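Please read all numbers here as calculations on a predicted model, not as lab measurements. The basis for the numbers below is simple: all heavy atoms, side chains too, and nothing from hydrogens, waters or symmetry mates.
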Amino acid sequence: MSFKDEDITNILRGFLNDHDMFGTCNPPCATNNELEEFMQNEIEVHGLPAEVLNKILHLSASLIELAYHGCTFEEKKQIALYNWFLIYIDDVSPKDITAYIAFQERFIRKLPQLDPVLDRLASLLHAIYHKESIDGETANYIANRALAEGKAPLQVVSDIQRELLKSRNHILETLAKTEGKEAISIWRTWECGFMQVHLIFPAQQL
């Protein structure tokens, strides 16, 4: 069943209104030049594919600055690399899936990966020890859930909206009872920053 763009827009607008995002959040600046310089240095030091990674560098760094700006710089660096590499994988893997299919086995056996970004990601994981709705795509969460539940995709989107708001309220109630105001502030900073990314950057827009 098809639906119009305005149907999705209305659901998202309702979600943001019910969330009261703009009434409770004051997101920080989305730019962290020091973090972006660190990421640029990663490309040079590890011989990573600059053309693709540079296109998504600012987006990746901005997500960290918006959602995790309360973290230390060392923490931001690790989160930024992980996020950056996953965005790279999401962009590149549909063109040639071979290296990504082989990732798990090669990771477990500690073999070199078939892509330099995957190799760097594997090294990070070893050291410290995932936007689907494109036109015509049917292999995503919305489509799969709609099929499994026998519902129209638009109804599934509405269901998810309600579930997210319910989960958010549960999280806030739990934090209020167990951790207090500081934890609530950290949570709100993260969720608002994460949502800002999906409102600001074209590649990630809802």
S.K.: Could I get the full list of side chain to side chain contact (heavy atoms under 4.5 Å, CB included) partners for Leu111, not counting sequence neighbours?
M.R.: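 For Leu111, the residues satisfying side chain to side chain contact (heavy atoms under 4.5 Å, CB included) (neighbours in sequence not counted) are Arg106, Arg109.
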
S.K.: Is there a continuous path of hydrophobic side-chain contacts, each under 4.5 Å between heavy atoms, that joins Leu63 to Ile79?
M.R.: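 Linked within one cluster.
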
S.K.: For residues 173-184, which residue pairs pass the side chain to side chain donor-acceptor pair (under 3.5 Å) check, not counting sequence neighbours?
M.R.: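 Side chain to side chain donor-acceptor pair (under 3.5 Å) check on residues 173-184 returns no pairs.
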
S.K.: Considering non-hydrogen atoms only, spot the tightest contact between Ser60 and Ile87 and give its length.
M.R.: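 The pair with the smallest heavy-atom distance is OG-CD1, 3.5 Å.
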
S.K.: Treating Glu44 as the side-chain partner and Asn41 as the backbone partner, does any N or O pair qualify as donor plus acceptor under 3.5 Å?
M.R.: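 No; judged by distance alone, with no hydrogens or angles, the pair does not exist.
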
S.K.: Hey, is the main chain of Leu165 close enough, under 3.5 Å, to the side chain of Asn169 for a donor-acceptor pair?
M.R.: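 A pair under 3.5 Å: yes.
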
S.K.: Excluding sequence neighbours, so at least two apart, what forms side chain to side chain contact (heavy atoms under 4.5 Å, CB included) with Asn33?
M.R.: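 Only Thr31 meet the side chain to side chain contact (heavy atoms under 4.5 Å, CB included) criterion with Asn33.
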
S.K.: Does the side chain of Lys77 come within less than 4.5 Å of Glu74's, by heavy atoms?
M.R.: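 Yes, at least one pair of side-chain atoms sits under 4.5 Å.
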
S.K.: At what distance, to the nearest 0.5 angstrom, does NE2 of His58 lie from CE of Met39?
M.R.: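 Those atoms lie 10.5 Å apart.
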
S.K.: Are the side chains of Arg188 and Leu172 in contact, using a 4.5 Å heavy-atom criterion?
M.R.: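 Yes; the side chains approach each other to less than 4.5 Å.
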
S.K.: What residues form a side chain to side chain contact (heavy atoms under 4.5 Å, CB included) with Ile97, not counting sequence neighbours?
M.R.: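 Checked Ile97 against side chain to side chain contact (heavy atoms under 4.5 Å, CB included); matches are Ser93, Tyr100, Ile101.
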
S.K.: Enter the distance from Ile171:CD1 to Leu175:CG here, rounded to the nearest 0.5 Å.
M.R.: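 Rounded to the nearest 0.5 Å, the CD1-CG separation comes out at 7.5 Å.
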
S.K.: Extract all donor-acceptor atom pairs below 3.5 Å that involve side chains of residues 114-128 and protein atoms in other chains or at least two apart in sequence.
M.R.:
{"residue": "Asp115", "atom": "OD1", "partner": "Tyr88", "partner atom": "OH", "Å": "3.4"}
{"residue": "Asp115", "atom": "OD1", "partner": "Val117", "partner atom": "N", "Å": "2.7"}
{"residue": "Asp115", "atom": "OD1", "partner": "Leu118", "partner atom": "N", "Å": "3.4"}
{"residue": "Asp115", "atom": "OD2", "partner": "Tyr88", "partner atom": "OH", "Å": "2.9"}
{"residue": "Asp119", "atom": "OD1", "partner": "Gln113", "partner atom": "N", "Å": "2.9"}
{"residue": "Arg120", "atom": "NE", "partner": "Glu42", "partner atom": "OE1", "Å": "2.8"}
{"residue": "Arg120", "atom": "NE", "partner": "His46", "partner atom": "NE2", "Å": "3.3"}
{"residue": "Arg120", "atom": "NH1", "partner": "Ser123", "partner atom": "OG", "Å": "3.2"}
{"residue": "Arg120", "atom": "NH2", "partner": "Glu42", "partner atom": "OE1", "Å": "3.4"}
{"residue": "Arg120", "atom": "NH2", "partner": "Glu42", "partner atom": "OE2", "Å": "3.1"}
{"residue": "Ser123", "atom": "OG", "partner": "Arg120", "partner atom": "O", "Å": "2.6"}
{"residue": "His126", "atom": "NE2", "partner": "Phe107", "partner atom": "O", "Å": "3.1"}

S.K.: Under the side-chain contact (heavy atoms from CB on, under 4.5 Å) criterion, do Thr72 and Glu75 qualify, and how do the steps go?
M.R.: CA-CA 5 Å; Thr72 66; Glu75 291 168 336; 3.1 Å; yes

S.K.: Please round to the nearest 0.5 Å and tell me the distance separating atom CZ of Phe85 and atom CD1 of Ile56.
M.R.: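 Phe85 CZ to Ile56 CD1: 9.5 Å, rounded to 0.5 Å.
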
S.K.: Does some side-chain heavy atom of Ile43 sit less than 4.5 Å from a side-chain heavy atom of Gln40?
M.R.: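 With C-beta onward as the side chain, the pair touches.
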
S.K.: Do you know which two heavy atoms are closest between Asp91 and Lys95, and how far apart they sit?
M.R.: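 Heavy atoms of Asp91 and Lys95 come nearest at O-CE, 4.0 Å.
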
S.K.: Could you tell me whether the side chains of Gln155 and Ser158 share a donor-acceptor contact shorter than 3.5 Å?
M.R.: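 Short answer, no.
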
S.K.: How would you list all residue pairs meeting ring-ring contact (aromatic ring centres under 6.0 Å, His included) that involve residues 159-180, not counting sequence neighbours?
M.R.: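 For residues 159-180: none.
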
S.K.: Under a 4.5 Å side-chain heavy-atom rule over Ile, Leu, Val, Met, Phe, Trp and Tyr, are Ile184 and Ile186 clustered together?
M.R.: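 No, because Ile184 and Ile186 fall into different hydrophobic clusters, even though each may have its own neighbours under 4.5 Å.
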
S.K.: Between CD1 of Ile64 and NZ of Lys76, what distance do you get to the nearest 0.5 Å?
M.R.: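 Spacing of CD1 (Ile64) from NZ (Lys76) equals 9.5 Å.
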
S.K.: When rounded to the nearest 0.5 angstrom, what is the spacing between CH2 in Trp84 and CG in Leu48?
M.R.: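 Between atom CH2 of Trp84 and atom CG of Leu48 there are 6.5 Å.
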
S.K.: For atom CD of Gln104, decide whether the heavy atoms of other residues, nucleotides or ligands shown that lie under 6.0 angstrom number more than 12.
M.R.: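 No.
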
S.K.: Say you draw a straight line from CG of Leu57 to CD of Glu37; how long is it, rounded to the nearest 0.5 Å?
M.R.: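 The CD atom of Glu37 is 10.5 Å from CG of Leu57, to the nearest 0.5 Å.
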
